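Before any comments, here is the structure.
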Amino acid sequence: MYDYDLLVVGSANADLVVGVERRPAAGETVLGSDLTVHPGGKGANQAVAAARLGARTALLARVGDDANGRMLLDSQRAAGVDTVGVLVGGVPTGVALITVDPSGDNSIVVSPGANARLTPPDVRVAASLFQASRVVSTQLEIPLETVMEVVRNLADGSRFVLNPSPPRPLPSELLAACDPLIVNEHEAKVILGESAVGDAPEGWARILLAKGPRSVVVTLGADGALVATAEGVTRIPSVKVDAVDTTGAGDAFTAALAWQLGAGASLTEAAAYAARVGAAAVTKPGAQESFPTAAEVEALCGAVPGNARRMPGGDDGSQRPAGESLRGESL
Ligand code: ADP
């Protein structure tokens, strides 16, 4: 009954990538490799990642009427994303300047361009997309007031997923809509304050949950992820791989998790699948180019160390019927 498994509302950027021996410190200049240009932006990345896995996906975004905008539309369509919601023109397409070091770690500066002009009225005009979408996913590379308008336009029964990146303090109305809020340690420090984020992610995942989200997922890079719900905290093991480039791993993880939730998986199951997708994504260079198909994720399964491990005294909520936490409508 839904036309789309996932509607992604977010940014679309041209990623300008340079390889470096080490990423520059403040005030420092380093020489790098030849420049390469790739389609990116957290919204565009999530949409491509989901579509490549087989999700029926739509993107609501804004790009410029320029070569970078056309490149982004081409990459969305090539992955099978419905671009009916991509608005074109007015300002240049957003750009991300990315440096990647030999270990695969990256540093990123974003010039938002057209992403900053994706407005609340653009969300209201796309009401039919929201009615047609089982899960809606956003990030913070578009204006916060636009994200707030997304929350206010969710269809009854749809589920909202937020990766607050780049991070900023979040209004309680937005936190309360998240199911889940997906954060890494850096994002948690901005949302909670540095001093609240101790060594054990289980602790600050619980603190984050107490701020209002229905559920929280913490991504831990090569250490996997955590799922926190009112029932407890569950550790999601990582898949052991040789990381080549971590660009886009969080986007692939979020897209896979959002899609699996819409398909009826429990949050723990969805996060375990997303951890495989994130691991697959770091084995190849680039962002969208590195996102796996479902068959490639299956091929990684042999390396999965086991099912999600439950934390002492916690319950991961996996006994809940699939889709139970969706508002007002079973899937
Ligand atoms: P972000 O880019 O948002 O910080 P992460 O780097 O934590 O996100 O990556 C998202 C997910 O991808 C992780 O939770 C993990 O499951 C997977 N992942 C990332 N890096 C690795 C790695 N080196 N090895 C295995 N899995 C990884």
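Everything numeric here is computed off the predicted structure, so don't read it as measured data. Every number for a ligand or one of its atoms is a count from 1 in the order of the listing.
Counting heavy atoms closer than 4.0 Å to ligand 1, residue Val241 contributes side-chain atoms (C-beta onward) but none from N, CA, C or O. The side chain of Ala243, and not its backbone, has at least one atom closer than 4.0 Å to an atom of ligand 1 (non-hydrogen atoms only; side chain from C-beta on). Proximity of Asp251 to ligand 1, defined as any heavy-atom pair under 4.0 Å, is not found for any part of the residue.
Remark: ligand 1 atoms within the under-4.0 Å shell around heavy atoms of Asn184 are 1 (P), 3 (O), 4 (O). Contact atoms of ligand 1 toward Ala279: 17 (C), 25 (C), 26 (N) (distance under 4.0 Å to a heavy atom of the residue). The atoms of ligand 1 that sit less than 4.0 Å from any heavy atom of Ala275 are 16 (O).
Contact annotation: the side chain of Thr57 never approaches that of Asp5 to less than 4.5 Å [non-hydrogen atoms, C-beta and beyond]. Side-chain contact between Glu173 and Met148 is present, with at least one heavy-atom pair separated by less than 4.5 Å. Counting only heavy atoms from C-beta outward, the side chains of Val63 and Asn68 never approach each other to under 4.5 Å.
The single protein non-hydrogen atom nearest to atom 25 (C) of ligand 1 is Val239 O, 3.1 Å, given as residue, atom name and distance. Of the protein's non-hydrogen atoms, the one nearest atom 22 (C) of ligand 1 is Ala222 CA, 3.5 Å. For atom 12 (O) of ligand 1, the nearest non-hydrogen atom of the protein is Gly278 CA, 3.4 Å. Looking at atom 11 (C) of ligand 1, its nearest protein heavy atom turns out to be Phe253 CD1, 3.6 Å. For atom 9 (O) of ligand 1, the closest non-hydrogen atom of the protein is Ala249 CB, 3.7 Å. Looking only at protein heavy atoms, the nearest one to atom 2 (O) of ligand 1 is Gly250 N, 3.5 Å. Nearest protein neighbour of atom 14 (O) of ligand 1, counting heavy atoms only, is Gly224 O, 2.8 Å. For atom 27 (C) of ligand 1, the nearest non-hydrogen atom of the protein is Gly221 O, 3.5 Å.
Look at Asp245 and Lys284 and you find no salt bridge, because none of the NZ, NE, NH1 or NH2 atoms lies under 4.0 Å from a carboxylate O. Residues Arg276 and Glu296 are not paired through a salt bridge, judged by the lack of any N-O separation under 4.0 Å between the basic side chain and the carboxylate.
Counting non-hydrogen atoms of neighbouring residues, nucleotides and ligands closer than 6.0 angstrom, the CZ atom of Arg124 exceeds 12 such neighbours. Counting heavy-atom neighbours within 6.0 Å of Glu28 CD, excluding the residue itself, gives a total above 12. For CG of Leu35, the number of neighbouring non-hydrogen atoms (other residues, nucleotides, ligands) closer than 6.0 Å is greater than 12.
Judged by the shortest distance from any of its heavy atoms, Leu220 lies inside the 4.0 Å radius around the atoms of ligand 1.
No N or O atom of Ser238 sits closer than 3.5 Å to an N or O atom of ligand 1.
Side-chain contact of Asn163 with Thr254: a donor-acceptor pair under 3.5 Å is absent, judged by distance alone. No donor-acceptor contact under 3.5 angstrom links the side chains of Asn115 and Glu141, judged on distance only.
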